[in-house]
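One structure is given here, and the rest of the page talks about it.
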Amino acid sequence: MNYNKLKITVEQAEKIAFELFNIKGEAFPLPGYIDFNFRIKVVNEDGYILKIYRPDENGKFLEFQQELLQFVEKNEANLLAPRVTLATNGETVSEIKDDFGNLRKVRLLTWIPGRMYYQVNPQSDKLRFGLGKQCGLLTKILLDFEHPEAHWDSEWDLVNSLWTKDHTQLFDQELETIIKYFQNNFEAQRSGYKKLRKSIVHNDANNYNMVVSESLDDPVVRAAIDYGDVIYTQIISDLAITCAYAIMDQIDPLATVLPLINGYNSSMAIQEIELPYLYHATAMRLVVSATSALINIKKEPENKYLISSLLPAQEALKRWYAVDEDFAHYSFREACGFSAHPNEEKFKIWATKNDFNLAELFPTVNKKEVHHLDLSVSSKWIGHQRDYNDLDLFQFKINKLKAQHPDSILAGGYLEPRSVYSSSEYDKIGNSGKESRTIHLGIDFWLPVQTPVKALFDGKVVIAVNDVGDKEYGGLIILKHLIEEIEFYTLYGHLSVASATNKRVGEHLKKGDCVGYLGNYPENGNWVSHLHFQIMLSLLDYKNDYPGVAYLNQLDVWKSICPNPNILFKCKELQAYKDVSNEELIAYRKQHLGKGLSLHYNIPIKMVRGSGQYLIDRYGRKYLDTVNNVAHVGHEHPAVVKAGQDQMALINTNSRYLHENINALAKELIETLPPELNVLHFVNSGSEANELAIRMVKSSTGQRDIIASEVGYHGNSNMCIDISSYKFDGKGRPGVPEYTHTFPLPDAFRGKYRGKNTGVQYAEEVQKQIKNIHAKNRGVGAFIIEPIISCGGQIELPKGFLAEAYIYVRAAGGLCISDEVQTGCGRMGKTFWGFQLHGVVPDIVTIGKPLGNGHPIAAVACTQEVANKFSQGTEYFNTFGGNPVSCAIGTEVLRTIKREKLQENAFKVGNFLKHELKNLALDFPIIGDVRGQGLFLGIELVDIKMNPLPEQTDYLANRMKDHSILMSTDGPDRNVLKIKPPIVFTMENALELIFYLRKIFAEDFMEK
Ligand SMILES: Cc1ncc(COP(=O)(O)O)c(C=O)c1O
């Protein structure tokens, strides 16, 4: 019978719905393979789905599905499932005659509004938990349901999945190998699998069968539909199937399934004995899916649906294959509330009962005490990255510390987050971007080279290799032990090369036998001599290596596999690493620090280290920083740090003593400025710089009226707030002070005047304010503006505006101040200072943030004339301004910009980034404007009517943070993403930024 010839029209469907079910609605066809499905829309109701089956459909099976749905409806109020709509004659399954005279079964079910799981982007862990929870809940209800039709033989029943063995030749060689691997392992497990508990289960929670709510900010899984595969089978199969589909198109399959398993377990407790089967069962569903798709593609090569279901299944198989089976099992256990490693408790009980001492491990080291050495990412002892990469220096520091603690072994490190590993070699890409392996799983003992290490218990050598790479183990030996029926391993890393070459795999060692000798750099993986000692309850699939550091998101599992080695020694100095919690820090802040002090992000981050364009948090997680224009030449730039440290060690006093540092900094700055601006005053912050500039204005002009832009920000002091519309304007704020005169934000995109050539119009607005001042019988003091208005939303001043405005202001006797606190010092790329973009020379320039690269130093540059007039008033004294330490730092910042050609870099990378952002805007029309200069850029998000989109902007910044990229938002409507990174930002950084922006712009919320 060729079913495809027959069509059922929407009119026929509407008629069926009305005649059989008395439902009057509008029918819309839904895609179906052989059956006919129609959505029946009914005014003010969710409506229905009308299902019309092929003539030979098994009516009994349909009745079984109806009974199941009725059972669910009766038994669990919390679970949403399609509801059975009875025909007017009371039947659950009805019948019609089609145009060919065939009898066809018909059902009407309630429609569950929403979208399908596969359509949700992103599929968050919360959503995955909800998916698992919903599936688990359904199984839980069905535990009490029984039906003879549930006992049928299905090729989609995982326990039967070995039929796929006849078809492996359909795949390419890589996939064939993978599929055979899974089939063979599943076959080996099959007798145990058959014995697992059973129930009636849905058996097909694929991404097209799970309905998710329409909510874009907090989507939830609502219900499973399509009960055509329900079957009485192993419960774990149902979970495996859900996992198999959830990992499609996800980068990290293991991280994807864990919240799902956790959710499933929360409503339907999984048994410990079921979990060892989950990994291969999940794989087998992918094998079944890919195999049947391929078989059907052979029959119907044009069928796009089949092709589109094949590719993700094949990719998922490859990625699942790359997951270590045992590690997956331990992770599943952890997700279900069991100890990740099954032997964890047993091992701990044994180890706690038995005492070992360090003298047994190091018999030649005659020291009883331990001095804890903190090498964590926030350790001040390890200091600057430059220092800990200098092995001679590191050795020197170790020796000094040893000398200070002659009776102690220096040791520590269990669960320490280490920045030594935060180099990119230890990164991988997960579902949310880069992840770094940073958490140390062993204890390090810092002892002299050639110190012998002895076995603490009898054991067998299972790995003896030389791992020569940088920051690898060097000589590595792993012993296997079996004590009181507990199998475990001990790892000895950073041994000499000879230690490993002298050992044979399979060799037996007795307690007290020598395992090896400590190596030194470079042969031990390029470390200062020490032993990395680690315990493992499983070797996993490692043959020549074993991780000594773990990814943070897998830590709970690794902790269980690799217990603290100190469990043997019971030494109080060797406890697992612990850091102050966020909660503690926040509670103190709330109570004792300024109440207006805000924090970035819903879950605030504790940053402990900076490095170039990166910030590193307490866990060693590296964030690409596109926000911090203070760390201008890169966070903790070694030359700048050194300049500060060196001078700090000599003297720091006020500027009333002679010192060349202050002159040197002045010279460096003057070199960058127009010749007119050749007098400098040094202060400690941008606010102080602007405060001083306004004082200079008053003494120079005798006037106090200041003209400033709307949404401008110039600092936090009284005077600065008074000229900062960003602070005084707006609901509940004090409004414009008497002596301040604001003109409209010169925003050619969404401001008062829009488009090209608005410079003259905005300059006229400045002129209007001059007239206002004159109307009050007062004179103009100054006009202050940033060359690109940062808080205003990275607003580039329209062409010609500044030159024109300066003419008006000067004609009125006022001074012109350029606030370069954000824009200065080469960030603009094309020019060193922002005002230079506009071909003007201000009377006063204020300089702040970048000058100290994080150290509080700022400056005011002015003309001789302004300086002379100012000096005639009260003496200006500033305790800290211009001190030798600050000046050494400022000078080094300016020299670094020159030496490393960072202005040129800002130009090159900034132009590239702006170009790429403009390309992005072509794909995502909510990017209304891309603007800025050099590495001072902004993108403004608006809807089609030019309304601002602050929620999307905020969402974007938060999601980028989830992907380890820091971004900030600003502008009067908070709808501008600002990009102003340290100017060491590279092309690769720009590409990475664009890659993740593209990813997040495609997420559902952005279409809200
Ligand atoms: C343009 C501008 N001027 C002045 C300041 C004030 O600088 P500080 O915070 O160093 O006092 C800021 C600070 O954000 C600023 O952006």
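Computed over heavy atoms, backbone and side chain alike; hydrogens, waters and symmetry mates excluded.
- Classification of D973 and R750 as a salt-bridged pair holds, one side-chain N sitting under 4.0 Å from a carboxylate O.
- More than 12 heavy atoms of other shown residues, nucleotides or ligands fall within 6.0 angstrom of atom CG in N919.
- Scanning for ring-ring contact (aromatic ring centres under 6.0 Å, His included) contacts around F832 gives an empty result, with sequence neighbours left out.
- Checked against the 6.0 Å centroid threshold, Y208 and Y118 count as a close aromatic pair.
- Partners of Q767 according to the side-chain contact (heavy atoms from CB on, under 4.5 Å) rule, which considers only residues two or more places apart in sequence or in another chain, are E764, I770, K771, Y808.
- K727 forms a cation-pi arrangement with Y713, by the criterion of a distance under 6.0 Å to the ring centre and an angle within 45° of the ring axis.
- With 3.5 Å as the limit, one finds a donor-acceptor pair spanning the side chains of N690 and T846.
- Taking the six-membered ring where tryptophan is involved, the planes of F743 and F783 are tilted, since the angle between them lies from 30° to 60°.
- Using a cutoff of 4.0 Å between basic side-chain nitrogens and carboxylate oxygens, D1004 and R115 are scored as salt-bridged.
- Sorted by first and then second residue, the ring-ring contact (aromatic ring centres under 6.0 Å, His included) pairs with a member in residues 969-999 read H963-Y996; sequence neighbours excluded.
- Test T626, D970, N629 against K978 for side-chain hydrogen bond (donor to acceptor under 3.5 Å, both in side chains) and you get one pass: D970.
- No side-chain donor from either of T969 and D954 sits under 3.5 Å from a side-chain acceptor of the other.
- In this pair, F835 and W833 present their aromatic rings parallel. The plane angle is below 30°, not in the 30 to 60° band.
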